[in-house]
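Read through the structure below, which is laid out as structure tokens, and then see the notes.
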Amino acid sequence: MGIHGLMSYIGENHQFFNNIKLQNTKIVIDGNNLFHRLYFDSGLDLKYGGEYDSFTDTIYKFFEALSLCNISPYVVFDGGCDCSDKKFETIKQRAKEKILKAHTISRGGRGTVLPLLAPEVFKQVLMQLQVPFVQCHSEADRDIVALANQWNCPVLTLDSDFCIFDLKAGYCPLNYFKWKNITSLKDHSDFYISAQCFSIENFCNHFNHLNKALLPLFAVLNGNDYINLPFMENFFTRVHFHARTSSAGRKNTRIQGLLNWLAEFSEPKEAIENVLKHLKQSELEKVRAVLYYHMDEYIQSEVDLAMYFQNKEIGPHVPTVLANKAPEWILVALLKGELAPFLSDCLTLRRTFLHAQVENNRRSSSHRCSLYIRQVIYGLLISEETFPDATLGLSAKLAGKASLSTEEFGKVHYVQEYDRHEQTLRKINIQAVGKSFNSVKIHSLQRLPEISILDRTHFLLETLKVKADVHALPANLHLTVYITCYWIAQAEPKVTLHHLQALLLCIVTGELHKLIYKPGNYVTRISSF
């Protein structure tokens with residue numbers, strides 16, 4: 001999330017920050033924010049599918065810097081979409097914007113669209129460095145706040161919502177975190193990272209000692225990435241705000257004026273009732289409920305991530321909808337980041353957004369190539385339900401049937417996919433394919449781990465429509481060869497010899513890299529985490 005205009009405003013007012021020397025501490029890191037910033041700020045390739053070698057080097061260097069300063073990182077990632085679906089319209093709008101950005105980049109223009117595998121590369125490096133991390137079951141902000149306050153340590157991210165949360169040890173914006181310039185003490189006995197830490201006390205004192213309990217109301221009234229209340233415009237047109245800071249630009253007038261106005265009240269209830277005075281009588285109860293509902297998003301969660309980091313316990317705070325759909329082994333794998341968040345979206349919402357890539361928008365989405373694999377995955381996720389013939393409905397999907405009636409949707413098992421079609425976002429209902437394991441009736445999700453490795457391998461080969469004739473190759477390359485064969489058969493436009501040679505060269509180079517740079521040679525293993 002992010003409060004409209006707040007990040008640029010506080011960036012122009014450094015009196016809201018304290019200069020700190022970060023060392024000998026834990027730090028809670030917003031994982032999604034960090035891998036975006038590390039990739040984009042390093043000037044890496046965005047046009048040709050990702051520059052993952054250089055990205056890996058950057059990640060290593062970042063965590064080496066933390067280790068030198070005896071800073072223990074705990075990385076927290078977002079999970080799937082909120083089960084309430086309250087942010088659906090915003091997610092859909094962002095997906096549309098990414099398609100347009102990807103198109104601009106493909107034509108030589110400027111923009112930022114994260115390469116598809118960057119999050120997975122980031123997690124792989126974390127595992128290699130033994131940096132502890134967790135993938136939450138939905139958006140991670142409130143869980144991050146709870147963990148940081150429990151440990152009384154700062155949060156590292158670049159999200160203005162953390163200016164609203166009441167963080168005991170503050171929030172360090174990534175753009176003021178000088179990890180590339182480690183400083184040593186005069187006797188060179190110790191190292192630290194210079195950073196600026198946002199102080200909620202400094203911020204509130206600047207606005208006539210504003211009660212920090214009013215900040216969530218400020219965020220809701222001002223608006224953020226997910227909150228847009230059109231009926232509040234009546235309030236803004238009737239209330240005259242005073243921007244008392246002479247240096248205020250027009251873009252910051254509303255922010256300053258709203259904060260100065262809120263400083264006149266002692267607590268949120270009093271301020272809310274004053275907001276309601278400026279609205280129509282018919283709107284009062286609705287607006288009151290909406291304001292309190294969205295303010296609750298700035299209360300730290302009850303999820304105990306410290307318990308997870310200490311002994312890997314899931315805890316009792318799994319969303320009910322997900323807990324009812326997923327067995328414990330899936331919940332654990334989601335928390336460990338072993339399964340992608342889109343799986344929980346498929347389970348709870350029967351929907352997923354396929355990430356836009358930089359490609360030729362006049363051709364079909366590159367996600368089309370892996371369609372059948374996703375259909376089989378959807379079949380496994382809803383395996384406890386009865387399946388119709390796996391071929392039914394596929395021709396209708398290929399014809400572009402975008403929607404079904406409620407009655408139709410209930411009879412046939414679909415997952416709604418949002419994917420690029422030319423330069424637009426299109427919704428298509430993709431039918432799940434129910435498959436068996438060696439003629440045995442499909443297992444439930446609960447019992448999937450009980451299936452033998454032999455049966456799982458057969459299931460995979462059957463899904464990919466390939467043969468198991470790879471025994472002459474090292475075991476770690478078997479899956480790579482299987483997927484390459486599937487890609488050659490399914491890709492559109494067709495794979496050329498040059499494509500295949502380029503891929504084989506990358507595979508051989510990767511194997512040589514493993515031999516030359518064995519663990520412990522390339523980078524000192526960070527064992528203190």
Check the side chains of S138 and D82 for a donor-acceptor pair under 3.5 angstrom, ignoring hydrogens and angles. no

Is the F353 ring parallel, tilted or perpendicular to the F88 ring (thresholds 30°, 60°)? tilted

Do the side chain of Y171 and the main chain of I200 share a donor and acceptor less than 3.5 angstrom apart? no

Dump the intermediate steps for salt bridge (charged side-chain N to carboxylate O under 4.0 Å, His left out) on R94 and E97, then the final yes or no. CA-CA 5 Å; R94 283 181 173 177; E97 292 169 356; over 6 Å; no

How are the rings of W179 and F62 set to each other: parallel, tilted or perpendicular (split at 30° and 60°)? perpendicular

For Q135 and D78, does a side-chain donor sit closer than 3.5 Å to a side-chain acceptor? no

For a quick check under 3.5 Å, do N202 and N18 share a side-chain donor-acceptor pair by atom type? yes

Exercise: do Y39 and E51 side chains pair donor with acceptor under 3.5 Å: no

Is it true that atom NZ of K336 has more than 12 heavy atoms of other residues, nucleotides or ligands lying nearer than 6.0 Å? no

Check: A148 main-chain N/O paired with N152 side-chain donor or acceptor under 3.5 Å: no

Between T348 and S344 (side chain of the first, backbone of the second, donor and acceptor by atom type, cut-off under 3.5 Å), is there such a pair? yes

Polar side-chain atom of N211 near backbone of L214 as donor-acceptor pair, under 3.5 Å: no

Has T58 got a side-chain atom pairing as donor or acceptor with S54's backbone, closer than 3.5 angstrom? yes

Examine distances only and state if a side-chain atom of Q196 and a backbone atom of H14 form a donor-acceptor pair shorter than 3.5 Å. no

Minimum heavy-atom separation for I193 and A65, please, with both atom names. CD1-O, 4.2 Å

Classify the ring geometry between F16 and H206 as parallel (under 30°), tilted (30 to 60°) or perpendicular (over 60°). perpendicular

Classify the angle between the aromatic ring planes of F309 and W151 as parallel (below 30°), tilted (30 to 60°) or perpendicular (above 60°). tilted

Under 3.5 Å side-chain donor-acceptor pair for Q300 and N149: yes

Taking the side chain from R420 and the backbone from S364, do they hold a donor-acceptor pair closer than 3.5 Å? yes

Can you tell me if CD on E302 sees more than 12 non-hydrogen neighbours from other groups inside 6.0 Å? no

For the residue pair F55 and F122, categorise the inter-ring angle as parallel (less than 30°), tilted (30 to 60°) or perpendicular (more than 60°). parallel

Salt bridge (charged side-chain N to carboxylate O under 4.0 Å, His left out) between E417 and R374, intermediate numbers included: CA-CA 10 Å; E417 288 188 347; R374 295 196 305 277; 2.6 Å; yes

Checking side-chain polar atoms at under 3.5 Å, does H103 have a donor or acceptor matched by the opposite partner on N361? yes

Is a side-chain N or O of Y486 found less than 3.5 angstrom from the main chain of A491, in a donor-acceptor match? no

In V470, L477, T463, the residue satisfying side-chain contact (heavy atoms from CB on, under 4.5 Å) with Y482 is V470

Using 30° and 60° as the class limits, which term best fits the ring planes of F162 and F165: parallel, tilted or perpendicular? tilted

Test side chain to side chain contact (heavy atoms under 4.5 Å, CB included) on I144 and I29 and set out the steps. CA-CA 8 Å; I144 289 173; I29 299 176; over 6 Å; no

Polar side chain donor-acceptor pair, N70 to Q23, under 3.5 angstrom: no

Count the heavy atoms belonging to other residues, nucleotides or ligands that lie under 6.0 Å from NZ of K98, then report whether that count exceeds 12. no

Strictly by modelled atom types, are Y52 and E120 linked by a side-chain donor-acceptor pair under 3.5 Å? no

Exam field: side chain D345 to backbone T352, donor-acceptor pair closer than 3.5 Å: no

Mark yes or no for whether H499, through its side chain, and T496, through its backbone, hold a donor-acceptor pair below 3.5 Å. yes

Taking atom NE2 of H355 as the centre, does the number of heavy atoms from other residues, nucleotides or ligands within less than 6.0 Å exceed 12? no

